[in-house]
Amino acid sequence: MKIQKAKVGQNVRLKVPDIDRAKTDTESIIAVVVDVKDNEFYQLGTKIGVHENFIKIEEASKDKKQIMNNSIHITKGQQYANLYPWLGEGLLTSSGSKWYHHRKLITPAFHFKILENFMNIFVEKGSKWYHHRKLITPAFHFKILENFMNIFVEKAEMLLQILDGKADGNVHNIYPDITHCALDIICQTAMGVNVNAMRNKNNEYIKSVYDVSAIFLWKAVRPYVPEFFFNHLLPLGRKFKADLKVLHGFSNKVISDRRRLLKREQQNLKKDDAIGAKKRLSFLDLLLEASDGGKILSDTDIREEVDTFMFEGHDTTTASMCWTLFLLGNHPDIQERVFQEIRTCLHEKQTPTSINELNELKYLECIIKESLRLYPSVPFIMRHIKQEIQLDEYRIPADVQAILHIYGVHRNPDHYVSPDQFDPNRFLPENSTNRHPYAYIPFSAGPRNCIGQKFAIYEEKTILASIINRFKVTAVETMENVKISTDIILRPANGVLVKLEKRPI
Ligand code: HEM
């Protein structure tokens with residue numbers, strides 16, 4: 001590719017006709033100049049190159065602690081600064097010691113490994129049980145898991161009622177229904193607040209999430225637009241401000257509602273001391289408790305984390321569930337096979353109700369994984385490379401903004417035979433053993449990987465199993481003609497258009 005006067009390490013924007021409308025060909029958004037050839041051609045890192053190099057950094061670095069403590073290569077790319085007005089320095093965007101400290105604080109609330117262990121040790125006796133119990137109790141109360149599962153099921157059932165009304169032989173876009181369901185789930189599990197987005201349509205919050213995500217991309221590809229000009233002179237800047245008001249208003253309300261409720265609960269607990277149990281229900285409670293009246297976490301710190309989790313915790317899972325339904329709707333044979341698995345596992349029941357049941361749905365898990373391979377909810381991430389690195393024939397200079405192109409890696413034929421084909425069997429254990437450990441990275445990898453990945457898989461399994469168990473899904477668009485819309489999240493541009501047909505019970 002020939003471009004004008006670019007130096008190694010510089011970001012270049014590639015001309016993609018649709019970029020202004022944020023409907024980009026996901027294979028080329030922003031690239032970094034990796035090398036300048038003698039013939040004035042440039043080697044650009046977009047699709048696979050930079051990413052593969054980056055992952056080798058992690059492989060080469062045996063001493064992961066060194067990376068962590070020095071915050072080398074875990075600092076997010078400059079473009080994330082465009083998210084600061086919304087997410088502030090929450091877990092997703094922050095760096096260095098602030099990120100490290102908050103991640104340590106928050107991790108226990110999302111450590112589902114602990115919860116799985118806990119489920120298993122229920123049947124064990126003696127010292128192992130005692131040891132596990134002691135280990136996990138302070139970090140994560142068992143009550144939380146029960147509550148989460150109950151909430152997943154409750155929301156799945158509400159969603160089914162809504163979808164029942166759409167099983168009428170017509171085509172419906174169910175993307176908004178799934179979004180509302182995912183938002184209800186994250187608000188109730190993580191924040192302990194019931195926002196009832198499924199019943200309360202035309203949700204301003206969701207609209208603002210979409211707008212802000214699109215504006216993020218708009219700004220990311222126009223680093224030359226001065227902040228003052230954007231903030232004060234462009235209508236888009238004013239829109240951004242109005243959207244932020246909606247988003248922050250929503251999260252502030254969630255926090256104050258929860259504070260009030262906790263206070264009431266604490267008072268009731270004092271009255272009813274016979275129970276004596278400490279009731280910790282959500283991630284937000286953990287933050288409020290850890291804040292020590294603002295000494296450790298300020299109100300702004302808490303709001304930034306709440307915004308981060310409300311966004312990361314619903315938009316990503318929504319896209320993933322919708323792409324999965326789209327793919328199943330295009331592959332009736334695979335849908336039939338997973339339907340049989342679900343029926344066998346659930347017998348007469350409509351929805352899964354325990355973690356053990358979810359763990360039994362193995363083929364469904366392969367389907368979700370394969371869907372995240374083809375359509376990763378987060379199609380690319382960015383890192384600020386802090387120190388120069390030499391990787392094979394590439395020299396990545398310091399201060400480069402590297403784009404790690406997850407979408408591209410997942411469709412690399414070196415790692416996947418017929419990479420554009422939907423084939424969940426790739427993720428059967430026997431077919432996964434020889435895969436490069438970094439060839440599949442929908443949740444990123446290393447110390448800044450996704451904190452909510454277990455949560456996401458459990459949530460998706462509950463909702464998808466419920467839908468497939470109730471309806472036969474037929475998609476309208478195909479893999480060949482579906483339009484992809486990329487902002488921060490990779491979504492089907494027209495939503496997910498399906499026909500639903502109720503299955504006999
Ligand atoms: C299918 C669903 C999901 C996908 C594909 C996904 C993907 C990712 C990816 C790729 C990253 C790395 C971002 C970067 O480096 O810039 C990330 C980080 C993160 N995710 Fe997720 N995510 C999902 C669900 C969730 C859920 C359900 C939650 C919360 C409950 C969550 C919370 C977070 C947070 C807080 C971070 C930042 C972690 C850190 O930097 O320490 N995600 N996610």
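Here the structure is a predicted model, which is why all the values come from computation and not from measurement. Starting from 1, each residue takes its place in the sequence as its number. We count ligands from 1, going down the list as the structure has it; atoms in each ligand are counted the same way.
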Could you check whether R491 makes a cation-pi contact with Y375, meaning its NZ or CZ is under 6.0 Å from the centre of the six-membered ring and within 45° of the ring axis?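 Cation-pi check for R491 and Y375: fails.
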Can R303 be said to sit on top of F250's aromatic six-ring, NZ or CZ under 6.0 Å from centre and within 45° of the ring axis?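 The answer is no; the distance or angle limit is not met.
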Going by the closest heavy atom to atom 6 (C) of ligand 1, which one wins out of Y458, W323, F443?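 Closest candidate by heavy-atom distance is F443.
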Between Y440 and F427, is the ring centroid distance below 6.0 Å?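 They qualify: ring centres under 6.0 Å apart.
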Is it the case that the ring center of F326 lies less than 6.0 angstrom away from the ring center of F422?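 No, the ring centres sit 6.0 Å or more apart.
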So, T324 and E460: side-chain donor and acceptor under 3.5 Å apart, yes or no?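 Note: T324 and E460 side chains miss the donor-acceptor criterion.
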Would you tell me whether N449 and S444 have side-chain atoms, one donor and one acceptor, within less than 3.5 Å of each other?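 On atom types as modelled, these side chains do not qualify, holding no pair under 3.5 Å.
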Could you walk me through whether T189 and F148 pass the side chain to side chain contact (heavy atoms under 4.5 Å, CB included) check? CA-CA 6 Å; T189 50; F148 278 6; 3.2 Å; yes
Proximal ligand 1 atoms for [X], defined as those under 4.0 Å from one of its heavy atoms:
X	answer
I451	32 (C), 33 (C), 34 (C), 35 (C)
G313	26 (C), 27 (C), 28 (C), 29 (C)
F309	29 (C), 30 (C), 35 (C)
S444	10 (C), 12 (C)
P442	5 (C), 7 (C), 10 (C)
I381	13 (C), 14 (C), 15 (O), 16 (O)
F455	27 (C)

Heavy-atom distances under 4.0 Å decide this one: backbone, side chain, both or neither, for E460 against ligand 1?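 Answer for E460: side chain.
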Can you say whether the rings of Y205 and H314 are parallel (under 30°), tilted (30 to 60°) or perpendicular (over 60°)?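 Because their plane-to-plane angle lies in the 30° to 60° range, the rings of Y205 and H314 count as tilted.
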Heteroatom distance test (N449, ligand 1): nitrogen or oxygen, under 3.5 angstrom: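 Between N449 and ligand 1 (N or O atoms, distance only) the closest approach is not under 3.5 Å.
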I186 near ligand 1 by a heavy-atom separation under 4.0 Å: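 I186 counts as a contact of ligand 1 under the 4.0 Å cut-off.
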